[in-house]
Amino acid sequence: MQSTISSTNKNYQMTPSERSAFQTAFMTWYDENRRDLPWRQNQEPYRVWLSEIMLQQTQVQTVIPYYERFLATFPTVADLAAAPEDLLMKTWEGLGYYSRARNLQKAARQIVDDYDGHWPTTAAELEKLAGIGPYTAGAIASICFGEVVPAIDGNAFRVFSRLLKIDADITDPKNRKIFYDAILPLIPEDRPGDFNQAVMDFGSQICTAKNPTIGDTALAPFFRSYQDGTLLDYPVKTKKAKQKPVAMFAVVIRSQNGVLFQKRPSTGLLANLSTYPLVAAETLQADDDELLTPEEQLARIEAHFQEAYGLKLQQLHESGLKPVVHVFTHLKWTITILQAQLAADAELAFFPGQWYTEAQLVDVALPTVQKKIMARLATD
DNA sequence: GACTCGTGGGG
DNA sequence: TCCCCAAGAGT
């Protein structure tokens, strides 16, 4: 069969002697520098799994307090499976990517119902659980069950692209196999979990995105890109799109029973969390409209509430506060705050949502953007 | 395969 | 201010 040279079948293997020397040096580095983290106290799959889910796209320092609190609230997988959704989301409040929390409970119920409380022990089986993809499956299988399998996250892409000068675009999912095939033979068969955790520690402390310090370690001779001065050319990735700007209004309606909140739909952005009623400016604009003035927008919002809910808002007005800006992964909300005080005899039951006093809010899961708006109001 | 889905921190 | 980054997965 004719072989062809392409970027997808380059040879990234080390010689047996180089590989052996690398493994020794790498595991020695880990033994001397490994971080003492809460989820490294033992290898119970529940604890390791919880940490891996929380650590998805989230820094260690952010996760630690959430991890401790979550484990105290839901000590076992059975507790989590049986948890009320409101408590679940309140415990996750502020950590972001809220589908992780819902998938966590889904997977807990899979373990309890489908696996009789026993964890599957291979990456292939683990990947069938909700919220567990190729990275997390590899991490749990290697750490908890000793399977020789890579756990390829952002650290692994960075470390091994620089180690072996792999120039495949890490943002392209089809290139994942290139890394898998390159990493697999480097895993010491007696310490696969430690190897994958060493990649995390080395990647986050030494082989960092900015200001890497590989030259200060005994690993430097193995890093091909360091040796030829091309370290910062790796990993190769295409840059992300900018956030789409979105103009929003937050409508703060106060009554004798508290402030009106609405629970967001069970899917999509900030699913199941509560906010002040939010209205996207785009929904106020007719196709043939010129750009609306602030006065026209206020009139449109009053009309919107009247049409949607049959409600007449009295004294709806701009707060005069600076808009709240909140950036998501792909959206940038600029939020104008509107306020209204309802008359004492207003029909509160007609309003869509829930009236919460400050004391009641303690148990309600609020996204950070909502807390930002509340903080802005408090400065008034 | 391209989008969607949060938040906090650093240069 | 803006951009990138941080232990990705689901659709």
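By convention in this document, chain letters (A, B, ...) are assigned in the order of the sequence lines, proteins followed by strands, and residues within each chain are numbered from 1. What you see below is based on every heavy atom in this structure, not just the backbone, and it leaves out hydrogens, waters and symmetry mates.
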Roughly how many Å apart are C:dG10 and B:dG1, using the C1' atom of each and rounding to a whole number? 13 Å
Which is true for A:V327 with a 4.0 Å heavy-atom rule: it touches a base, it touches only sugar-phosphate, or it touches nothing? base
Between A:D36 and A:R40 (salt bridge meaning N to carboxylate O under 4.0 Å), is one present in this structure? no
With a sphere of 6.0 Å drawn around CD of A:Q256, does it hold more than 12 non-hydrogen atoms of other residues, nucleotides or ligands? no
A:N196 and A:S142 have their tightest heavy-atom pair at ND2-OG, 2.9 Å
Rounded interatomic separation in angstrom, taking CD from A:Q61 and C1' from B:dG8: 9 Å
Using heavy atoms and a sub-4.0 Å distance, could you list which residues of residues 22-33 of chain A are near DNA chain C? By number, please. none
Below 4.0 Å: OP1/OP2 of B:dG6 and any side-chain N or O of A:H326: no
Using a 4.0 Å heavy-atom cut-off, does A:L270 contact any base of the nucleic acid, only the sugar-phosphate backbone, or nothing at all? sugar-phosphate
Counting any heavy atom closer than 4.0 Å, what does A:P367 reach on the DNA or RNA strands: base, sugar-phosphate only, or nothing? sugar-phosphate
Apply side-chain hydrogen bond (donor to acceptor under 3.5 Å, both in side chains) to A:E93 and list each qualifying residue two or more places apart in sequence or on a separate chain. A:K90, A:K371
Summarise protein proximity over nucleotides 5-11 of chain C in one line of letters, 5' to 3': B for base, S for sugar-phosphate only, - for none, counting protein heavy atoms closer than 4.0 Å. SBBBSS-
Within the structure, does a side-chain N or O atom of A:T62 lie under 4.0 Å from either OP1 or OP2 of B:dG8? no
Nearest-Å distance once atom C1' is located in both B:dG6 and C:dC4: 15 Å
What is the distance, rounded to the nearest whole Å, between atom CD of A:Q243 and atom C1' of B:dT4? 13 Å
Under-4.0 Å salt bridge between A:R47 and A:E68: no
So does A:K106 get a backbone contact from the side chain of A:N103, meaning a donor-acceptor N/O pair under 3.5 Å? no
Taking only the C1' atom of each, what is the distance from C:dA7 to B:dG11 in whole angstrom? 22 Å
Expressed in angstrom and rounded to an integer, what is the separation of A:K242 atom NZ from B:dC3 atom P? 16 Å
Can you tell me the distance, in whole Å, between the NZ atom of A:K332 and the P atom of B:dC5? 19 Å
When the nearest nucleotide of DNA chain B is assigned to A:D172 and to A:L273 on a heavy-atom basis, which residue is associated with the more 5' position? A:D172
Rounded interatomic separation in angstrom, taking CZ from A:F328 and P from B:dT4: 14 Å
If the cut-off is 4.0 Å, is A:H330 near the phosphate of B:dC3, judged by side-chain N/O to OP1 or OP2? no
Provide the closest heavy-atom pair for A:I253 versus A:L342 in the form atom of the first, atom of the second, distance. CG2-CG, 3.7 Å
Apply the test side-chain contact (heavy atoms from CB on, under 4.5 Å) to residues A:I152 and A:R176: give CA-CA distance (whole Å), side-chain angles for both, the deciding distance (0.1 Å), then the verdict. CA-CA 8 Å; A:I152 310 174; A:R176 184 181 194 82; 3.6 Å; yes
Pi-cation contact, A:F22 with A:R19 (under 6.0 Å, within 45°): no
Atom-to-atom span, CH2 of A:W92 to P of B:dG8 - whole angstrom: 14 Å
Looking at A:Y30 versus A:F26, is the centre-to-centre ring distance below 6.0 Å? no
Can you tell me the distance, in whole Å, between the OH atom of A:Y66 and the C1' atom of B:dT7? 9 Å
